[in-house]
Amino acid sequence: MIKEYQHYRREQVIGGAVVNFAINAALAWLLFRQMPQVPFIGSNSIVGDTLATALLLPPLLCLAVMPTFRSMFARRVVLHPARLPAAGGLPQHPLLLGLLLGLLAALTLVPLTLWLLQLLQVYAMSFGGFVLFKAGFAAVLAALITPLVLRRALAWHLQNLRY
């Protein structure tokens with residue numbers, strides 16, 4: 001059963017990263033296609049878009065995938081509750097969980113990412129470079145968040161089981 005859960009988790013992390021890469025590449029193309037260069041800071045900038053992605057992607061991801069995870073677990077129990085990794089004090093409601101994860105990403109991942117860009121002396125990006133950056137950032141963020149969302153959905157399911 002644990003191997004089944006680990007396989008499912010790996011599948012969801014990879015799938016979520018790929019889907020978010022594609023969606024955010026398309027969004028970058030739609031929103032920035034008129035800009036040959038995307039500045040580091042300012043209106044329509046690397047900083048602004050990275051912060052917006054960190055704040056918006058987690059709630060959207062939670063609202064989209066938690067119901068799917070919960071229904072999947074309702075069809076069959078994947079783990080016995082005693083073997084479940086702790087879900088911590090994470091909120092059960094998808095929107096609250098997403099908002100919390102978005103805030104955490106904005107306070108940790110965004111400053112780290114922007115610091116690395118400054119360390120690399122990135123003051124602007126070409127349109128194509130920015131599309132890849134935005135898509136990559138979203139893919140990494142989704143890959144980091146998906147296991148937490150999956151774990152929380154499973155914990156919710158197991159708490160609501162009737163033995």
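Bear in mind that the values here come from a model prediction, so they are computed numbers and not experimental data.
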Between [X] and [Y], which heavy-atom pair has the shortest distance, and what is it?
X      : Y      : answer
Gly16  : Ala142 : O-CB, 3.9 Å
Ala143 : Ala17  : CB-CB, 4.3 Å
Phe40  : Val122 : CD1-O, 3.4 Å

Side chains of residues 22-31: which donor-acceptor partners sit under 3.5 Å, not counting sequence neighbours?
unit_1: Asn24; atom_1: OD1; unit_2: Lys134; atom_2: NZ; d: 3.3
unit_1: Asn24; atom_1: ND2; unit_2: Asn20; atom_2: O; d: 3.0

Tell me, please, which residues at least two apart from [X] pass side-chain contact (heavy atoms from CB on, under 4.5 Å).
X     : value
Leu63 : Pro94, Leu95
Pro67 : none
Pro91 : Leu96, Leu97, Leu100
Gln34 : none

For residues 54-62, which side-chain donor-acceptor pairs fall under 3.5 Å, sequence neighbours excluded?
none

Check for me, please, whether [X] and [Y] land in the same ILVMFWY cluster - side-chain distances under 4.5 Å, paths through other members count.
X      : Y      : result
Leu109 : Phe21  : no
Phe127 : Val47  : yes
Leu141 : Val19  : no
Met125 : Val110 : yes
Leu99  : Leu51  : no

Is there any side-chain hydrogen bond (donor to acceptor under 3.5 Å, both in side chains) pair reaching into residues 138-150, and which pairs are they, with sequence neighbours excluded? none
Which residue pairs satisfy the ring pair (Phe, Tyr, Trp, His ring centres under 6.0 Å) criterion with at least one member in residues 92-113, sequence neighbours excluded? none
Residue pairs passing the ring pair (Phe, Tyr, Trp, His ring centres under 6.0 Å) test with at least one member in residues 129-150, sequence neighbours excluded, are Phe32-Phe130
Show which residues join Trp115 in its hydrophobic cluster (side-chain heavy-atom contacts under 4.5 Å, direct or indirect), or state none. Leu112, Leu116, Leu119
Which pairs pass salt bridge (Lys or Arg N to Asp or Glu O under 4.0 Å) with one or both residues in residues 12-27, sequence neighbours excluded? none
Listed once per pair and sorted, the salt bridge (Lys or Arg N to Asp or Glu O under 4.0 Å) pairs that draw on residues 26-43, sequence neighbours left out: none
Evaluate the criterion side chain to side chain contact (heavy atoms under 4.5 Å, CB included) for residue pair Leu101 and Val149; output intermediate values, then yes/no. CA-CA 9 Å; Leu101 293 174; Val149 177; 4.1 Å; yes
